[in-house]
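Below: the structure, in structure tokens.
Computed from heavy atoms alone, side chains included, the values below leave out hydrogens, waters and symmetry copies. Keep in mind that what you see is a predicted model, and the values were worked out from it rather than measured. Order of appearance sets the numbers: ligands from 1, and atoms from 1 within every ligand.
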Amino acid sequence: MRTRYAVANWKMNLPPEGIEAYLGAVGRAPGGTALVVAPPFPYLDNVAAMIEDGLAVAAQNCAEQLSGAFTGEVSAAMIRGLGARYVILGHSERRNLFHETDAVVARKLTVAIETGLTPILCVGEDLHVRDEERVDAFLADQIKAAAAAALEKAAEIIVAYEPVWAIGTGRNATGAVCAETTGGIREAIRRFWPAKHAEAAILYGGSVTPENVDELVSDGRIDGFLVGGASLDSGKFMAIAGALTR
Ligand code: PGA
């Protein structure tokens with residue numbers, strides 16, 4: 001059975017219920033699902049120290065350099081040292097608000113892999129790309145751009161399909177759009193990445209809630225979710241994770 005993933009991206013927020021209560025409520029993963037919590041950098045070690053088996057920690061970003069004079073940056077090795085196992089890379093907020101290009105994302109991917117972190121690589125199109133019916137080519141370019149040599153060395157890489165128009169907007173993709181688009185992403189992975197990653201997990205992210213999750217999993221092709229807003233509530237996050245076992 002394929003592993004399913006539910007990833008809680010807290011972004012620059014803390015859960016209103018508090019970290020300890022949140023992690024206590026999240027508890028153990030439902031069978032076959034890996035639960036991953038991605039807190040802001042300063043809370044990584046705290047969260048890593050508190051989690052139980054079956055729960056893992058992700059950073060939301062890392063520096064593209066290994067170390068050196070890069071004021072304000074946090075290296076992949078530091079993140080790993082704090083107990084993170086995963087790192088989210090290429091999130092559209094990083095690409096759009098912090099001007100991360102495909103080349104920057106590819107360099108981050110390389111240092112993450114060389115440091116032993118598993119990347120959760122986000123790809124996703126803007127609304128105008130969808131309107132112009134260029135989604136498959138656009139996403140294939142993002143996948144191709146991430147075809148760093150380091151991918152050969154990566155034991156695992158996870159892809160998150162996150163259409164920009166669905167992130168934090170309350171407008172989620174339908175199950176049919178997800179199925180069709182992730183099919184295109186799978187083709188690009190097989191075309192541009194080493195064969196060992198042909199079956200890489202593909203998650204969906206963008207306004208996932210307990211209310212829309214059943215429709216999103218109905219096609220059976222989604223390997224999990226990257227959840228923003230709804231992940232700040234442990235009950236909602238677990239309801240979403242629970243849908244992956246149905
Ligand atoms: P959202 O964020 O669930 O709040 O739309 C998803 C994400 O940015 O990963």
Between Y22 and W10, is the ring centroid distance below 6.0 Å?
yes

Return a table of N or O atom pairs, ligand 1 on one side and protein on the other, at distances under 3.5 Å, rounded to 0.1 Å.
residue	atom	partner	partner atom	Å
ligand 1	2 (O)	K11	NZ	3.2
ligand 1	3 (O)	S207	N	3.4
ligand 1	3 (O)	G228	N	2.9
ligand 1	4 (O)	G229	N	2.8
ligand 1	5 (O)	G168	N	2.6
ligand 1	5 (O)	S207	N	2.7
ligand 1	8 (O)	K11	NZ	2.7
ligand 1	8 (O)	H91	NE2	2.6
ligand 1	9 (O)	H91	NE2	3.3
ligand 1	9 (O)	E162	OE1	3.2
ligand 1	9 (O)	E162	OE2	2.7

Apart from F98 itself, which Ile, Leu, Val, Met, Phe, Trp or Tyr residues share its cluster (side-chain heavy atoms under 4.5 Å, direct or through members)?
L97

Each residue besides I120 in its hydrophobic cluster should be listed here, by chain and number; the cluster joins Ile, Leu, Val, Met, Phe, Trp and Tyr at side-chain heavy-atom distances under 4.5 Å.
Y5, V7, V36, Y86, I88, I158, L203, L226

Establish, from distance only, whether the side-chain atoms of T181 and R186 form a donor-acceptor pair under 3.5 Å.
no

The residue among I51, N46, L82 that forms side-chain contact (heavy atoms from CB on, under 4.5 Å) with V57 is I51

Residues that W193 engages under ring-ring contact (aromatic ring centres under 6.0 Å, His included), provided they are two or more places apart:
none

